[in-house]
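Numbers here simply count residues along the sequence, with the first being 1.
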Amino acid sequence: MQKLSRAQRWKAINRREKDGERHQNKNKKKTKMNARVVAVVMLMEVLFMGAAIDALNVCGVSSTDLLKCLPAVTPPSPSEPSKECCSAVDLVDLKCLCAFKSSPLLPALQIDPDLALQLPAKCKLGKTVPC
């Protein structure tokens, strides 16, 4: 085996370091690409989910109508329910709505279940929530 001179050893070390840097840069580029792909997939899922939500009925009322109540049930400072919201709440099966009280779905959508159950009273509908 041939001995390398000091200069040749330094060249070899520098070459290995540069190869390592190139490898790291390739990994960074792959990671950025993967992050972009994940973001695009998530955006598509949200869009498809939005289309599915439009088609849903929740306790007898379309989810589109119920979304009009979102400002009134979103903490920390909910607004008063709008006329459109109250019209939707008037049609809701309140017993069915009770099933969502302890569901993780509402908090995941940033909806306070207690605020949601207060809507019939806030809308002065004369209905009591049975739960």
Asp90: side-chain hydrogen bond (donor to acceptor under 3.5 Å, both in side chains) partners, not counting sequence neighbours
Lys127

Where is the tightest heavy-atom contact between [X] and [Y], given as atom of each residue plus distance?
{"X": "Pro71", "Y": "Leu67", "result": "CD-O, 4.2 Å"}
{"X": "Ala99", "Y": "Ser103", "result": "O-CB, 4.2 Å"}
{"X": "Thr74", "Y": "Leu70", "result": "OG1-O, 2.6 Å"}
{"X": "Ser82", "Y": "Lys68", "result": "OG-O, 4.0 Å"}

Leu97 CG to Cys131 SG distance, which is reported to the nearest 0.5 Å
7.0 Å

Nearest 0.5 Å, what's the CG-CD1 distance between Leu66 and Ile111?
8.5 Å

Should Val89 and Pro81 count as side-chain neighbours, where that means a heavy-atom distance under 4.5 Å?
no

I'd like a table of donor-acceptor pairs (distance under 3.5 Å, sequence neighbours excluded) in which one partner is a side-chain atom from residues 112-120, with atom names and distances.
from: Asp112; atom 1: OD1; to: Asp114; atom 2: N; distance (Å): 2.8
from: Asp112; atom 1: OD1; to: Leu115; atom 2: N; distance (Å): 3.2

Is there less than 2.5 Å between the SG of Cys69 and that of Cys85?
yes

